[in-house]
Participant: 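Structure below; questions to follow.
Letters A, B, ... are given to chains in the order of the sequence lines, protein chains preceding strands, and every chain is numbered from 1.
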Amino acid sequence: MPALDVELKNDLCEITRLLNLVEQFAKDTGLPDDALNAVMLSLDEAVTNTINYGFPGGGIHCIRLTLRREPDSITSIIEDDGIPFNPLEAPEADLTSPIEDRPIGGLGIHFIRNYMDELYYRREDGKNIFTLVKKIS
Amino acid sequence: MQIAEEKHGPVAVLAVEGRIDTTHAGELETALLALIDRGETTIVLDFAEVNYISSAGLRVLLVGAKKMKAAQGSICLASLQKTVKDVLAVTGFMNLFRLFKSKESAVQELTTAS
């Protein structure tokens with residue numbers, strides 16, 4: 001089963017490197033374009049969120065990402081030692097207000113919910129472990 | 001990501017190339033806000049060469065749209081690829097911007113209108 005294992009630093013510059021690696025992995029494993037876009041968007045949002053809010057004490061931290069390509073799905077696992085955060089509990093985004101009232105932000109988790117088929121969160125040994133599954137039709 | 005600027009009569013165009021991801025969204029924000037601050041009121045974002053936009057990119061569009069609304073101007077989007085269109089659709093952003101098939105049609109229509 002093809003897999004990719006990456007360690008990212010808590011620096012937003014890492015997002016471009018992350019997306020490049022995911023794109024290459026998708027090419028190597030023949031992932032369809034719509035599934036690739038869904039995975040890229042969801043990982044961009046989840047890891048950005050961790051980098052921005054996960055480490056209020058600062059310092060250098062490692063975020064570990066594992067991708068597993070199975071015949072009918074692709075699974076991403078994000079592990080970080082940031083403060084406890086359960087993305088499944090995040091509130092829904094406002095998608096209907098006009099421009100002047102539309103809040104800036106909150107769209108990331110909406111992307112993840114919309115583009116992924118299964119989400120799992122657990123806190124284990126001081127780590128957030130967020131698992132995202134995209135089915136491939 | 002690369003951003004090129006064009007001016008066609010009253011219409012200012014930013015042609016963007018590459019992914020608008022978290023790392024690069026700030027570059028688009030800087031370019032867009034510079035145009036607004038300069039007093040441009042009709043701005044077209046040409047996304048023909050953009051195949052990816054994250055919520056960081058949408059945030060920039062929303063910040064720009066709010067500023068433009070206050071200035072009584074408008075931001076239009078041209079040549080959206082399918083992946084980008086999908087993202088705008090699932091976030092309800094399609095209704096916030098006027099969309100054009102191409103930069104050329106946007107410039108033509110907006111030039112005639114003003």
Participant: Using the rule that two of Ile, Leu, Val, Met, Phe, Trp, Tyr join whenever any of their side-chain heavy atoms come within less than 4.5 Å, decide whether A/Ile109 and A/Ile77 are in one cluster.
Facilitator: no
Participant: Say you draw a straight line from CG of A/Asn20 to CZ of B/Arg19; how long is it, rounded to the nearest 0.5 Å?
Facilitator: 4.5 Å
Participant: At their closest point, which heavy atom of A/Leu107 faces which heavy atom of B/Leu58, and how far apart are they?
Facilitator: CD1-CD1, 3.9 Å
Participant: Is A/Asp101 in contact with chain B via its backbone, its side chain, both, or neither, using a 4.5 Å heavy-atom distance?
Facilitator: backbone
Participant: Could you look at A/Thr96 and say if it's the side chain, the backbone, both or neither that has a heavy atom under 4.5 Å from chain B?
Facilitator: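 For A/Thr96, no heavy atom lies under 4.5 Å from chain B.
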Participant: Heavy-atom cut-off 4.5 Å, strictly under: side chain, backbone, both or neither for B/Lys66 against chain A?
Facilitator: both
Participant: Is it true that atom CD of A/Glu70 has more than 12 heavy atoms of other residues, nucleotides or ligands lying nearer than 6.0 Å?
Facilitator: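 Yes.
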Participant: Does any backbone or side-chain atom of B/Leu96 lie under 4.5 Å from a heavy atom of chain A? Answer side chain, backbone, both or neither.
Facilitator: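 Looking at B/Leu96, backbone and side chain both touch chain A.
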Participant: Applying the 4.5 Å side-chain criterion to the ILVMFWY set and letting contacts propagate, would A/Leu21 and A/Leu19 be lumped into a single cluster?
Facilitator: yes
Participant: Answer with yes or no whether the hydrophobic clustering places A/Met116 together with A/Leu95; edges join I, L, V, M, F, W, Y residues whose side-chain heavy atoms lie under 4.5 Å apart.
Facilitator: yes
Participant: Are A/Leu119 and A/Val47 connected, step by step, through hydrophobic side chains (Ile, Leu, Val, Met, Phe, Trp, Tyr) whose heavy atoms are closer than 4.5 Å?
Facilitator: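 Yes, because A/Leu119 and A/Val47 connect within a single hydrophobic cluster, where side-chain heavy atoms sit under 4.5 Å apart.
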Participant: In this structure, are over 12 heavy atoms from other groups packed under 6.0 Å from A/Asp125 atom CG?
Facilitator: no
Participant: Do A/Ile74 and A/Val133 land in one hydrophobic cluster if side-chain heavy atoms of ILVMFWY residues count as linked below 4.5 Å?
Facilitator: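 Result: no, two separate clusters.
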Participant: Between CD1 of A/Ile99 and CE of B/Met68, what distance do you get to the nearest 0.5 Å?
Facilitator: 10.5 Å
Participant: Please indicate whether A/Lys9 has more than 12 foreign heavy atoms, meaning atoms of other residues, nucleotides or ligands, lying under 6.0 Å from its NZ.
Facilitator: no
Participant: Counting heavy-atom pairs closer than 4.5 Å to chain A, which one of B/Val63, B/Thr83, B/Thr91 comes out on top?
Facilitator: B/Thr91
Participant: Under the criterion side chain to side chain contact (heavy atoms under 4.5 Å, CB included), which of A/Ile51, A/Thr48, A/Asn49 is the partner of B/Thr22?
Facilitator: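 Exactly one option meets the side chain to side chain contact (heavy atoms under 4.5 Å, CB included) with B/Thr22, and it is A/Thr48.
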Participant: As an exercise, state the distance from CE of A/Met40 to CG of B/Asn51, rounded to the nearest 0.5 Å.
Facilitator: 7.0 Å
Participant: Could you give the distance from CG (B/Asp86) to CZ (A/Phe111), rounded to the nearest 0.5 Å?
Facilitator: 10.5 Å
Participant: For B/Asn95, which atoms come within 4.5 Å of any heavy atom of chain A: side chain, backbone, both, or neither?
Facilitator: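 Contact with chain A involves no heavy atom of B/Asn95 at all.
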Participant: May I ask you to name which of A/Asp11, A/Leu41, A/Asp33 has the most heavy-atom pairs under 4.5 Å with chain B?
Facilitator: A/Leu41
Participant: Answer with side chain, backbone, both or neither: which region of A/Glu45 has an atom nearer than 4.5 Å to a non-hydrogen atom of chain B?
Facilitator: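 The side chain, not the backbone.
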Participant: Would you say the side chains of A/Thr16 and B/Asp21 form a donor-acceptor pair under 3.5 Å?
Facilitator: yes
Participant: Please indicate whether A/Glu100 has more than 12 foreign heavy atoms, meaning atoms of other residues, nucleotides or ligands, lying under 6.0 Å from its CD.
Facilitator: yes
Participant: Looking at every heavy atom in both B/Ser54 and A/Asp44, which two are closest together, and how far apart are they?
Facilitator: CB-OD2, 3.3 Å
